[in-house]
Amino acid sequence: MGYKIAIVGATGNVGREMLDILAERGFPADEVVALASRRSQGTEVSFGDKTLKVQAMENYDFSDTDICLMSAGGSVAKEWAPRIGAKGCVVIDNSSAWRYDADVPLIVPEVNADAITGFSKKNIIANPNCSTAQLVVALKPLHEVAKIKRVVVSTYQSVSGGGKDAMEELFNQTRAVFVNDPIEPEKFTKRIAFNVIPHIDSFMEDGYTKEEWKVLAETKKMLDPKIKVTCTAVRVPVFIGHSESVNIEFENEISADEARNILREAPGCLVIDKQEDGGYMTPYESAGEDATYISRIREDATVENGLNLWVVSDNLRKGAALNTVQIAEVLVNRGLIQPKKAAA
Ligand SMILES: NC(=O)c1ccc[n+]([C@@H]2O[C@H](COP(=O)([O-])OP(=O)(O)OC[C@H]3O[C@@H](n4cnc5c(N)ncnc54)[C@H](OP(=O)(O)O)[C@@H]3O)[C@@H](O)[C@H]2O)c1
């Protein structure tokens, strides 16, 4: 007997990817329900070789649904996740609304799958920010061997991280440059076509952005509260795939060769590091792939026990939809939830 799954935000970038990944991985679902806002009621989305009619979330009764994969932004999650959880349906949420709540596990299965056991306090599990997810997949195996003291990350984040409107803005602005049309930034604060913007999410009192703060708060929550992290988050004119330049200082000695060998064996990681023309990963190539790619592994001679890495992954997959489905798989494979239908 399989599970009944609801996708909230099924018409969005992440929601569509979730439907694809559930189908690709043969998730044990008897029924999958596509939900979005009232605006999308009656439209259709694909699920494997089937087509699902989208229903309005606000009219849907979650009482006989087992798992809700939610990807509809922070305000929807803040209001709806506790209501859905109270109906006995476990919510796995992609927004930042619940990530820092002490009673909500924040999970990347390759990093801290065991922390999932706390989920039943609120019936909510949080999925991390896209930049953090790929970062911790690369850091965890190195931390286990050489103990990380400090990380300096600069991100190069694709526009799909800002949703489908942001992708449209890059497309339209790029076209406008070629046909000499005026460019009016809408979702982004400045022109994104043929430009980079050192600003993602809102500014905080200390001058950092919320996106930068998320990377450090989430790395500490999932990996180790003692690790010091500092981040500069930058939006780049790439459609899909986030890249990160990562400088790491370790407690213990670790060479580039050792790091390469550790990462080659690590879950979720793929090392592409040929140190020759084209022998590294770019975000364009990562789109549609599941792995976190690690390239340009070098020793940093300016600090004791330092390494530099280039980390690339599809932000809609490992950064969001894939990780969410992997969390649902942990719930199922560890027998932490049973289909309600079986109990009825
Ligand atoms: N994109 C990424 O890389 C990424 C990574 C990690 C986390 N996330 C998070 O995932 C969430 C969605 O991102 P996205 O990129 O998929 O955005 P998106 O493409 O803009 O899609 C948003 C989805 O939310 C739905 N929605 C909006 N308001 C709703 C409401 N009141 N009730 C029900 N559904 C509603 C939309 O439905 P309509 O089509 O009906 O408006 C749409 O399906 C955000 O919280 C984002 O921060 C994104």
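Note that ligands are numbered from 1 as they come in the structure, with each ligand's atoms numbered from 1 the same way. Because only heavy atoms are used, hydrogens play no part in the values below, and waters and symmetry mates are left out as well, while side chains stay in.
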Problem set entry | Sub-3.5 Å N/O-N/O distance, G12 and ligand 1 | yes
For this session: Before signing off on this row, confirm whether G9 and ligand 1 have an N or O atom pair separated by under 3.5 Å.
Result: yes
Exercise. Would you call K214-E211 a salt bridge at under 4.0 Å N-O?
Worked result: yes
Exercise. Between the side chains of S158 and N315, does any donor sit under 3.5 Å from an acceptor?
Worked result: yes
Which heavy atom of the protein is the closest neighbour of [atom], given with residue, atom name and distance?
atom                    : value
atom 2 (C) of ligand 1  : G161 CA, 3.6 Å
atom 11 (C) of ligand 1 : S71 OG, 3.4 Å
atom 14 (P) of ligand 1 : V14 CG2, 3.8 Å
atom 7 (C) of ligand 1  : N94 O, 3.2 Å
atom 28 (N) of ligand 1 : R39 NH2, 3.7 Å
atom 43 (O) of ligand 1 : T11 OG1, 2.6 Å
atom 40 (O) of ligand 1 : S40 OG, 2.4 Å
atom 30 (C) of ligand 1 : V76 CG2, 3.6 Å

Would the distance check show the side chain of [X] and the main-chain N or O of [Y] forming a donor-acceptor pair, the cut-off being under 3.5 Å?
X    : Y    : answer
E285 : T282 : yes
T292 : A138 : no
D201 : K210 : no

Problem set entry | Same apolar cluster: F62 and V90, side chain cutoff 4.5 Å | no
Exercise. Are L223 and L142 in one and the same hydrophobic cluster, where Ile, Leu, Val, Met, Phe, Trp and Tyr link if side-chain heavy atoms are under 4.5 Å apart?
Worked result: yes
Exercise. Looking only at heavy atoms, which two atoms of S313 and A291 are closest? And how far apart?
Worked result: OG-O, 3.0 Å
Exercise. For R317, which of I240, D290, N323, T324 qualifies under side chain to side chain contact (heavy atoms under 4.5 Å, CB included)?
Worked result: D290
For this session: Let me know which of I107, L322, V332 forms a side chain to side chain contact (heavy atoms under 4.5 Å, CB included) with I327.
Result: I107
For this session: Using heavy-atom distances, let me know which of S131, G74, A36 sits nearest atom 33 (C) of ligand 1.
Result: A36
Exercise. Nearest heavy atom to atom 18 (P) of ligand 1: which of M18, R317, K164 does it belong to?
Worked result: K164
For [X], atoms of ligand 1 separated by under 4.0 Å from a heavy atom:
X    : result
A72  : 24 (O), 25 (C), 26 (N), 34 (N), 35 (C)
N315 : 3 (O)
G73  : 11 (C), 44 (C), 45 (O)
S95  : 45 (O)
G319 : 5 (C), 6 (C)
L316 : 1 (N), 2 (C), 3 (O)

Exercise. Where's the contact between S160 and ligand 1, heavy-atom distance under 4.0 Å: side chain, backbone, both or neither?
Worked result: backbone
For this session: Give a yes or no on whether atom 23 (C) of ligand 1 lies under 4.0 Å from any heavy atom of the protein.
Result: yes
For this session: Determine if the distance from atom 47 (O) of ligand 1 to the closest protein heavy atom is below 4.0 Å.
Result: no
For this session: To the nearest 0.5 Å, tell me how far K87 NZ sits from K340 NZ.
Result: 9.5 Å
Exercise. Is R191 atom CZ crowded by more than 12 heavy atoms from other residues, nucleotides or ligands, each under 6.0 Å away?
Worked result: yes
For this session: May I ask you to establish whether K122 and W98 are in a cation-pi arrangement, using a distance under 6.0 Å from NZ or CZ to the six-membered ring centre and at most 45° from the ring axis?
Result: no
